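Chain naming here is simple, since letters A, B, ... match the order of the sequence lines and numbering starts at 1 in each. Given the structure is predicted, the values throughout are model-derived calculations rather than measurements.
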Number of protein chains: 2
Amino acid sequence: MPRPKSLTQSQVTDAALAVIDRDGLTALSMRAVAAELGMATMSLYRYVTGRDELESLVAERVLGSLDITPPPGEPWQEQVAALLVRLRAAVAAHPEALPLILTHRHDSPGAWRWAEAVLTVLHSAGFTGRQRLVGLRGLVSYLMGALQTDRLGPPSGAADAGEHPLLADIVRQAKDLSPDDEFRNGLDLLLRGLADHLA
Amino acid sequence: MPRPKSLTQSQVTDAALAVIDRDGLTALSMRAVAAELGMATMSLYRYVTGRDELESLVAERVLGSLDITPPPGEPWQEQVAALLVRLRAAVAAHPEALPLILTHRHDSPGAWRWAEAVLTVLHSAGFTGRQRLVGLRGLVSYLMGALQTDRLGPPSGAADAGEHPLLADIVRQAKDLSPDDEFRNGLDLLLRGLADHLA
DNA sequence: CCTCGTAGGAGTGCGCCGTACGCTGAACGA
DNA sequence: TCGTTCAGCGTACGGCGCACTCCTACGAGG
């Protein structure tokens with residue numbers, strides 16, 4: 001009987017993500033999202049209980065869109081790697097939203113589905129429950145840390161070479177290694193460690 | 001000639017860290033720090049250029065207090081592990097300050113000294129420049145991610161067992177594994193991968 | 001076709017935040 | 001004693017998240 005809603009929760013979420021991508025996470029405010037939609041600030045509260053829920057929705061938007069079917073016919077290492085690379089890509093598509101995703105990854109259905117997929121691969125590969133625990137946590141920690149590192153960019157080069165020659169060398173070498181390759185190399189370290197455990 | 005300062009920058013930093021430890025990072029405000037010191041808000045600006053500098057100082061307080069001498073006579077794995085465990089302990093002593101530390105770790109002299117120490121161990125162990133790059137970045141990413149994971153606590157158990165049996169199993173098993181042991185186990189995965197590279 | 005209950009958009013205001021600016025008065029050399 | 005300098009602080013401003021209150025206009029019952 002009454003007037004129909006003119007927006008959906010999904011549209012509000014999109015607007016929030018657009019603000020974050022364009023102006024950064026610090027620019028995210030109810031006022032900014034409302035402006036993005038051409039509405040009054042308080043109108044948003046018809047679709048969302050508050051800022052916290054809006055943040056959850058943004059995180060779930062990113063985490064819930066993952067393809068969690070591991071590439072068939074590959075060894076378990078490649079299947080795990082593919083799942084990690086996909087998650088990394090999805091988050092890296094919205095680098096400014098990273099802190100939100102880190103905060104909400106423990107109450108996101110999308111993140112649960114992804115974790116279950118990784119665990120399924122490890123289970124099929126023959127890892128015990130304890131090994132799966134250590135493996136998943138290690139992989140996820142590495143991924144989250146790597147995303148954070150990428151987002152901050154290089155160490156600003158302020159470390160002077162005289163006092164920290166090896167660190168300066170690292171900064172120099174990092175220029176010739178793409179973030180994607182670097183991530184994959186670090187990931188291989190973990191996968192190698194896991195394979196040793198299996199044997 | 002004028003009235004002497006009644007505080008030091010260090011005392012202001014301590015007060016900020018006290019506020020963070022007691023009431024959380026969101027409670028950190030210039031007003032709160034001033035109240036902690038029994039001063040008016042604007043008095044703080046005599047010691048600190050603004051909130052940003054205060055945050056840097058807090059991060060440096062944590063990162064700059066690290067013992068960076070690796071335990072002598074141990075194999076390189078144990079030396080690297082010790083450095084990582086120490087950094088983890090220092091940050092975990094102020095869990096609420098973690099986001100600050102993550103943000104400022106690239107412009108912190110204390111963090112540079114620590115990184116140089118890790119690289120020195122890897123260099124002595126015979127790793128090439130490229131291997132040191134991948135190794136350090138992998139180790140640091142894992143550490144940062146693990147700290148983040150610990151801070152968030154367990155996955156809130158909301159993942160229902162029916163849909164995600166393996167994940168539910170992980171949550172159950174995690175209860176019997178202390179965060180310290182879990183960290184060390186994940187770290188061993190990386191160290192094992194590194195050792196393989198060396199051979 | 002008219003009427004009217006109600007869903008929902010918009011305005012206002014409160015209590016926080018960081019911080020720019022300007023005043024007051026204490027401490028010390030002359 | 002006086003002058004100078006600067007520590008400490010009061011005020012004010014613009015921005016934030018959010019609670020509350022009005023007013024609009026939609027669409028079903030008669």
Side-chain angles (χ1 to χ4, degrees), chain A residues 1-61 96-97 99-104 107, chain B residues 1-61 96-101 103-104 107:
Chain A
M1 156 158 42
R3 186 161 75 191
K5 285 180 191 268
S6 57
L7 256 49
T8 65
Q9 206 180 48
S10 178
Q11 285 175 281
V12 177
T13 306
D14 286 343
L17 196 47
V19 169
I20 292 171
D21 287 342
R22 177 162 27 85
D23 303 322
L25 185 57
T26 60
L28 178 67
S29 73
M30 301 305 274
R31 282 167 167 82
V33 175
E36 182 80 16
L37 291 164
M39 309 200 89
T41 308
M42 291 312 294
S43 306
L44 298 182
Y45 288 85
R46 297 281 175 193
Y47 303 94
V48 148
T49 64
R51 189 198 168 101
D52 283 354
E53 193 189 48
L54 183 54
E55 292 186 354
S56 284
L57 288 168
V58 169
E60 188 61 27
R61 160 75 34 114
E96 294 290 343
L100 254 72
I101 294 165
L102 291 176
T103 308
H104 290 99
D107 47 60
Chain B
M1 161 161 30
R3 187 160 68 186
K5 287 182 192 270
S6 58
L7 258 47
T8 66
Q9 204 180 51
S10 178
Q11 285 176 281
V12 176
T13 306
D14 287 343
L17 197 48
V19 169
I20 292 172
D21 286 342
R22 176 163 24 85
D23 302 323
L25 186 57
T26 61
L28 178 67
S29 74
M30 300 304 276
R31 283 168 170 81
V33 175
E36 182 79 16
L37 291 164
M39 307 202 86
T41 308
M42 292 312 294
S43 306
L44 298 182
Y45 288 84
R46 296 282 175 196
Y47 301 93
V48 147
T49 63
R51 188 199 168 101
D52 283 354
E53 192 188 47
L54 183 53
E55 291 186 353
S56 285
L57 288 169
V58 169
E60 189 60 28
R61 159 76 33 119
E96 295 290 341
L98 178 62
L100 252 65
I101 294 164
T103 307
H104 289 98
D107 47 60

Student: Do any side-chain nitrogens or oxygens of B:Tyr45 fall under 4.0 Å of OP1 or OP2 in C:dA20?
Tutor: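 No, because none of the side-chain N or O atoms of B:Tyr45 sits under 4.0 Å from OP1 or OP2 of C:dA20.
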Student: Heavy atoms under 4.0 Å, any strand shown: does B:Leu28 hit a base, just sugar-phosphate, or nothing?
Tutor: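 Sugar-phosphate, backbone atoms only, no base.
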Student: Regarding A:Ser29, tell me which of base, sugar-phosphate or nothing describes its non-hydrogen contacts under 4.0 Å with the strands shown.
Tutor: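 The answer is sugar-phosphate, as A:Ser29 gets under 4.0 Å only of primed atoms, P, OP1 or OP2.
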Student: Base, sugar-phosphate or nothing for B:Arg46? Non-hydrogen atoms, less than 4.0 Å.
Tutor: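 The residue B:Arg46 makes base contact.
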Student: NA contact type, B:Leu44, heavy-atom cut-off 4.0 Å: base, sugar-phosphate, or nothing?
Tutor: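 If one applies the 4.0 Å heavy-atom cut-off, B:Leu44 turns out to touch nothing in the nucleic acid.
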Student: Exactly one of A:Thr13, A:Ile20, A:Leu44 should register a side chain to side chain contact (heavy atoms under 4.5 Å, CB included) with A:Val33. Which one does?
Tutor: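 Of the listed options, the one satisfying the test is A:Leu44.
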Student: Using the closest heavy atom to pick a nucleotide of DNA chain C for each, name whichever of B:Pro4 or B:Arg51 lands nearer the 5' end.
Tutor: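 By nearest-heavy-atom nucleotide position, the 5'-most residue is B:Arg51.
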Student: Of all heavy-atom pairs between B:Leu54 and B:Ala16, which one has the smallest distance, and what is that distance?
Tutor: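 Residues B:Leu54 and B:Ala16, closest heavy atoms: CD1-CB, 3.9 Å.
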Student: What is the distance, rounded to the nearest whole Å, between atom OH of B:Tyr47 and atom P of C:dG18?
Tutor: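 Interatomic distance, OH of B:Tyr47 to P of C:dG18: 19 Å.
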Student: Would you say A:Glu55 and A:His104 make side-chain contact, with heavy atoms under 4.5 Å?
Tutor: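 In contact.
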Student: Distance check: side-chain N/O of B:Ser43 vs OP1/OP2 of D:dC9, anything under 4.0 Å?
Tutor: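 True: B:Ser43 side-chain N/O within range (under 4.0 Å) of D:dC9 OP1/OP2.
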Student: Looking at side-chain heavy atoms only, is the closest gap between B:Met39 and B:Leu7 below 4.5 Å?
Tutor: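 Yes, side chains in contact.
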Student: Kindly give the heavy-atom pair with the smallest separation between B:Gly50 and B:Met30, and that separation in Å.
Tutor: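 Closest approach of B:Gly50 to B:Met30: C-CE, 4.3 Å.
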Student: Heavy-atom contacts under 4.0 Å between residues 33-42 of chain A and DNA chain C, which residues?
Tutor: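 Only A:Met39, A:Ala40, A:Met42 qualify.
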Student: Taking the side chain from A:Glu96 and the backbone from A:Asp21, do they hold a donor-acceptor pair closer than 3.5 Å?
Tutor: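 The answer is no, because no donor-acceptor pair under 3.5 Å joins these two groups.
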Student: Rounding to a whole Å, what distance do you find between B:Met30:CE and D:dT11:C1'?
Tutor: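 Checked: the CE to C1' distance equals 17 Å.
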Student: For DNA chain D, whose closest nucleotide is more 5', that of B:Arg31 or that of A:Asp52?
Tutor: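 The residue mapped nearer the 5' terminus is B:Arg31.
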